[in-house]
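In what follows, a structure is listed as C-alpha cells, so that the remarks can point back to it.
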Amino acid sequence: MTTHTISTQPYSDQKPGTSGLRKRVSVFQQSHYLENFVQSIFDTIAAPKGATLALGGDGRYYNRQAIQIILKMAAANGFGRVLVGQGGILSTPAASCVIRKYQTFGGIILSASHNPGGPDGDFGIKYNTGNGGPAPEKITDAIFANSKQISSYKIKEAPDLPLDVLGTFELGGMQVEVIDSVADYAELMASIFDFPAIRLLLNSGFRMKFDAMHAVTGPYAREILVNRLNAPEDSLMNAVPLEDFGQGHPDPNLTYAHELVEILYGDNAPDFGAASDGDGDRNMILGEHFFVTPSDSLAILAANASLVPGYAKGIAGIARSMPTSAAADRVAEELGIPCYETPTGWKFFGNLMDAGKVTLCGEESFGTGSDHVREKDGLWAVLFWLNILAIKRQSVETLLKRHWARFGRNVYSRHDYEGLPTEAANGIMQHLRASFANLPGKAFGSYTVKSCDDFSYTDPIDGSVSTAQGIRILFADGSRIVFRLSGTGTEGATLRIYLEAFEPDIAKHDLDAQVALAEMIRIALQLSELKERTGRDQPTVIT
Ligand code: G1P
Ligand code: ZN
C-alpha cells in the first residue's frame with residue numbers, strides 16, 4: 001500500500017486546552033485539520049518503529065471517520081499495532097485501562113467529553129502517554145508548537161476497515177486489533193470492588209437508576225450492572241449510545257441530567273441515582289431527594305475506602321484540584337495521609353499517582369478516580385458508592401449527614417457564566433488581579449479578605465511550574481471564592497465562580513447551599529464587577 005506525503009498548511013488554533021483539542025465538528029472537518037494535529041502528535045511523541053497505540057472514542061459524530069484516518073496515518077508513521085475499541089468506541093477510563101493493561105506506547109482518545117455532539121456539536125482529540133494518563137503540558141505544548149509549523153503529513157492509501165467486527169486486520173504492514181470495548185474494563189472493576197456484596201444489595205429491594213445520557217457508558221453499565229451484578233434492566237436509562245447523545249448535553253449535573261434528577265426527587269424515588277458523561281469519566285451521585293456534591297463525594301470515598309477490597313490496605317494520599325472543596329483534606333488529616341492541591345485538569349494527578357503518593361483523586365467538576373487508571377472514572381465512582389452502601393446499609397442522605405457531623409460541612413457551589421464575550425471575561429480576570437493589592441484586610445459584610453493570589457503549582461515530582469491557574473480570594477474565616485476561565489469551552493468564554501464556606505455547626509447542615517452562600521455570591525459579583533462588565537448576574541449553570 002502506498003504511503004502518501006501530503007502537503008499542508010498549519011492552522012494557528014490547535015492549542016490543547018484543559019483536556020486535549022476541542023473544537024466544533026465543522027472545524028475538524030476543514031481540510032487537513034485533523035490530519036495536521038495527528039501528525040503533530042506523532043512527530044512530538046516520536047514512538048519507536050513498530051510501537052503499539054491504543055485508539056478509541058466516545059462514539060460521537062465524526063468518531064468513525066476520524067478513527068479510519070488515524071489508523072491510516074498510524075500505519076504510515078511506522079506504528080506496528082493499534083488496539084482499537086469495537087466500532088471505534090472506548091470510554092476514556094477504558095482507554096486508560098487498555099493502555100496500561102497492554103502496555104501500549106500511548107493512546108489517542110477522541111472525545112469532547114460532556115460537550116454536545118452531532119454535526120453542529122463538538123469533537124475532540126487528545127493524546128495519553130504510556131501510563132494511561134493525559135499527556136502533561138510539556139508534551140501538549142510541543143504538539144501545539146509542531147502544529148504551527150507543520151508542512152506535510154503521512155498517510156497510507158488503504159480501504160476503510162470493518163471496525164464493528166472483533167478480530168485482527170492488516171493495514172499496510174500494521175496490525176489493527178479490534179478489541180471488546182467493555183471486557184477489560186469490566187474485569188478491572190471486578191478486581192477492585194466487592195461484587196458479591198453489591199449483588200446482594202441490588203437484590204434486596206434497593207432500587208437504583210443509572211443514566212448513561214445516550215453516551216458511551218451505556219454498554220459498560222449494561223455489562224457490569226445488569227449482566228454481572230443482576231440489577232434489573234430498568235435500573236438503566238438512556239443506555240443506547242447515540243452519535244448526537246439524543247441531542248442532549250451529556251454532562252451529569254443538576255441542570256443537564258434533569259431527567260434523572262426529576263426521578264430522584266419525585267414520588268416513590270429510588271434509593272440511589274447516578275449519571276455519567278459523554279466519554280464516561282464523570283459521575284453525578286444522587287440519593288433519594290438528595291444531591292451529593294462531587295467534593296463531598298471524594299471525601300466520602302476516602303473516608304470509607306477501607307470497605308472496598310481494592311483499597312482495604314489503605315490509601316497512600318488524596319489529591320484534589322484547587323477549586324475542589326477542602327472536605328477531602330479533613331478526611332486526609334484524620335487518616336494521617338497527605339492531601340495535594342493541584343491545578344484543574346486530570347493531567348496534574350498523573351505524576352502523583354505514578355510516584356505512589358496518592359491513591360484517590362477528585363475534582364469538583366464531577367470527576368473522581370483512583371490509581372487503577374490514569375483518568376477520572378464515572379462507573380468506578382458509581383461502583384465505589386454501591387460498595388459502600390452495600391456494607392453500610394444506610395441511605396445516601398444519612399451517610400452524608402453523619403459524615404458532616406463528624407468532619408463538619410464544606411458548603412460548596414459553582415456558578416458558571418457560559419458564552420461570555422472573551423474580552424469581557426479576560427477583563428474581569430485582569431480587574432481581579434489588579435485589585436489584589438487593595439483587598440487584604442477589607443471587609444465585605446461579615447467576611448474579611450485575608451489574602452488573594454493567582455494559583456500557581458510546582459509539581460512535587462518533576463518540578464514543573466504551572467502559573468495563572470485561578471484567582472483565589474481567601475477570607476479570614478476560611479471561606480473562599482475562586483475565579484477561573486474554562487479551558488474546555490469552544491464558544492466565547494466561560495467564567496467559573498467557585499464558592500466555599502466551612503460550617504462546623506450541625507444545626508446548620510440542612511441549609512440549602514445557595515442560601516448558605518448567598519452573601520458570598522453577592523460579594524463575588526461585587527468583586528468581579530460581573531454585571532457592569534457583561535450585563536449578566538445570573539449564572540447559566542449552578543452545580
Ligand atoms: C473542566 C473542569 C475540569 C475538568 C475538565 C475536563 O475544565 O472544570 O475540572 O478536568 O473540564 O473534564 P474547564 O472547562 O474548567 O477548564
Ligand atoms: Zn468526560
Side-chain angles (χ1 to χ4, degrees), residues 293 295-296 299 320-330 333 339 341 343-344 364 404-405 407-417 420 424-457 467-486 493-543:
T293 69
S295 296
D296 278 339
R320 62 162 175 87
S321 66
M322 180 273 283
T324 304
S325 96
D329 303 38
R330 296 173 193 283
E333 201 182 331
C339 188
E341 187 176 34
T344 294
E364 49 63 42
W404 290 339
F407 293 97
R409 177 179 176 196
N410 288 72
V411 187
Y412 188 84
S413 184
R414 182 176 108 183
H415 287 198
D416 291 340
Y417 288 80
L420 296 178
N426 288 335
I428 288 173
M429 297 302 275
Q430 273 156 21
H431 160 70
L432 285 164
R433 282 190 196 102
S435 49
F436 280 178
N438 309 325
L439 283 179
K442 246 193 182 168
F444 294 89
S446 47
Y447 295 91
T448 305
V449 177
K450 190 173 122 212
S451 61
C452 33
D453 65 5
D454 204 341
F455 183 62
S456 135
Y457 177 69
T467 55
Q469 296 294 324
I471 289 172
R472 304 192 289 184
I473 314 285
L474 307 171
F475 296 96
D477 70 346
S479 309
R480 62 173 193 163
I481 304 175
V482 174
F483 297 88
R484 242 191 97 248
L485 293 184
S486 159
T494 294
L495 176 70
R496 306 200 193 284
I497 305 181
Y498 310 80
L499 306 133
E500 178 179 358
F502 182 63
E503 182 52 80
D505 183 357
I506 189 169
K508 295 191 186 146
H509 284 174
D510 283 335
L511 262 191
D512 177 75
Q514 302 309 316
V515 176
L517 295 168
E519 192 179 357
M520 282 182 60
I521 293 168
R522 276 196 300 275
I523 298 172
L525 293 178
Q526 185 184 341
L527 286 175
S528 59
E529 298 182 348
L530 188 83
K531 179 130 192 230
E532 296 81 340
R533 288 168 181 273
T534 66
R536 306 244 300 256
D537 62 358
Q538 291 301 322
T540 34
V541 179
I542 296 183
T543 50

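Between Tyr412 and Tyr498, the ring planes are tilted. Angles from 30° to 60° get that label.
With sequence neighbours excluded, the residues forming a salt bridge (charged side-chain N to carboxylate O under 4.0 Å, His left out) with Asp537 are Lys531, listed by chain and number. In this view, Phe407 and His403 satisfy the ring pair (Phe, Tyr, Trp, His ring centres under 6.0 Å) rule, not counting sequence neighbours. With sequence neighbours excluded, the residues satisfying salt bridge (charged side-chain N to carboxylate O under 4.0 Å, His left out) with Glu341 are Arg320, Arg472, Arg480. Partners of Arg484 according to the salt bridge (charged side-chain N to carboxylate O under 4.0 Å, His left out) rule, which considers only residues two or more places apart in sequence or in another chain, do not exist here. By the salt bridge (charged side-chain N to carboxylate O under 4.0 Å, His left out) test, Arg533 is found to be paired with Glu529, residues two or more places apart in sequence or in another chain being considered.
Applying the side-chain hydrogen bond (donor to acceptor under 3.5 Å, both in side chains) definition to pairs two or more places apart or across chains, those involving residues 435-452 are Ser446-Glu519.
Note that the CG atom of Asn410 and the OG1 atom of Thr324 stand 11.0 Å from one another [nearest 0.5 Å]. Here the CG atom belonging to Leu485 is positioned 8.0 Å from the CD1 atom belonging to Ile428, to the nearest 0.5 angstrom.
When every heavy atom of Ile542 is checked against every heavy atom of Ser413, the shortest pair comes out as CG2-OG, 3.7 Å. Residues Leu499 and Ala524 come closest through the heavy atom pair CD2-CB, 4.3 Å. In terms of heavy-atom proximity, Met429 sits nearest to Phe483 at CE-O, 3.5 Å.
No more than 12 heavy-atom neighbours from other residues, nucleotides or ligands sit within 6.0 angstrom of CD on Glu333.
By the 4.5 Å heavy-atom criterion applied to side chains, Leu527 and Val449 are not counted as neighbours.
Between the side chain of Thr540 and the backbone N or O of Asp416 there is at least one donor-acceptor pair closer than 3.5 Å.
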